[in-house]
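One structure below.
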Amino acid sequence: LPLKDSLEGDADCQSERSWHRLMPVWEATEEIVMENGIVNALLTPPWRILMLSDGSVTRHLQLLTDCTVKVNCLEQVRVSSLTGLPQAVSLIPEAHIQRQVYLEVEGDDDHL
């Protein structure tokens, strides 16, 4: 429905006002936040994931641990048959690659 039609008959929505502009308290680029870790004192780990995630597991671990996470690729192979995979995989254009990786905290020998 157009906005005008959806407001008809609703007494609470009949008044008009200007847009309430938010005034940021603090701003930074992604590079500054990720390099310096300055956001860690401002946000808890779940909020860091919500605000700074790029969708990758590596970034999530980096945001949770406050450490640089290194990807060590053990194996990368082309998947030749989609048999046994969910049907939606066929919607993804070629090539289908399967990787096995270790995610490591840089400077530490422990695997995540």
Side-chain angles (χ1 to χ4, degrees):
L1 291 173
L3 183 59
K4 183 178 178 184
D5 292 342
S6 67
L7 295 178
E8 287 180 12
D10 189 347
D12 294 334
C13 294
Q14 294 298 318
S15 62
E16 291 185 18
R17 69 172 82 152
S18 62
W19 181 256
H20 177 71
R21 185 172 187 276
L22 298 176
M23 301 303 289
V25 176
W26 181 80
E27 290 184 55
T29 65
E30 177 185 0
E31 291 78 21
I32 290 172
V33 170
M34 294 306 294
E35 287 175 12
N36 300 328
I38 55 180
V39 78
N40 297 342
L42 301 173
L43 298 173
T44 62
W47 275 105
R48 285 185 231 154
I49 290 174
L50 183 65
M51 301 299 290
L52 301 171
S53 173
D54 64 2
S56 71
V57 174
T58 306
R59 174 65 69 87
H60 289 173
L61 289 172
Q62 186 175 354
L63 293 168
L64 287 171
T65 63
D66 191 27
C67 297
T68 301
V69 176
K70 179 179 150 189
V71 178
N72 185 3
C73 186
L74 302 174
E75 179 182 43
Q76 181 170 311
V77 295
R78 182 180 293 263
V79 177
S80 58
S81 170
L82 300 182
T83 303
L85 295 175
Q87 187 176 9
V89 171
S90 65
L91 300 173
I92 301 171
E94 298 289 333
H96 299 101
I97 305 292
Q98 181 178 11
R99 292 191 304 161
Q100 293 185 35
V101 299
Y102 273 137
L103 299 176
E104 302 173 353
V105 173
E106 202 166 87
D108 191 351
D109 292 335
D110 290 334
H111 301 295
L112 296 175

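The structure presented is a predicted model; accordingly, all values stated were derived computationally and were not measured.
In this structure, Gln76 places its CD atom where more than 12 heavy-atom neighbours from other residues, nucleotides or ligands lie under 6.0 Å away.
Take Thr83 and apply the side chain to side chain donor-acceptor pair (under 3.5 Å) test, not counting sequence neighbours, and it matches Ser81. For the side chain to side chain donor-acceptor pair (under 3.5 Å) test, residues two or more places apart in sequence or in another chain that qualify with Ser53 are His60. Looking at residues two or more places apart in sequence or on another chain, you find a side chain to side chain donor-acceptor pair (under 3.5 Å) between Ser56 and Asp54. Applying the side-chain contact (heavy atoms from CB on, under 4.5 Å) criterion to Leu43, with sequence neighbours excluded, gives Val39, Trp47, Arg48, Met51. By the side-chain contact (heavy atoms from CB on, under 4.5 Å) test, Ala95 is found to be paired with Arg78, Ile97, residues two or more places apart in sequence or in another chain being considered. Partners of Val79 under the side-chain contact (heavy atoms from CB on, under 4.5 Å) rule, at least two apart in sequence or in another chain, are Leu85, His96, Gln98. Residues passing the side-chain contact (heavy atoms from CB on, under 4.5 Å) test with Val101, sequence neighbours excluded: Val71, Cys73, Arg99, Leu103. Not counting sequence neighbours, the partners of Glu75 by the side chain to side chain donor-acceptor pair (under 3.5 Å) test are Gln100.
To the nearest 0.5 Å, the span separating CG on Leu61 from CD1 on Ile49 amounts to 8.0 Å.
When the options Thr65, Leu63, Leu64 are evaluated for a side-chain contact (heavy atoms from CB on, under 4.5 Å) with Pro45, the one that passes is Leu64.
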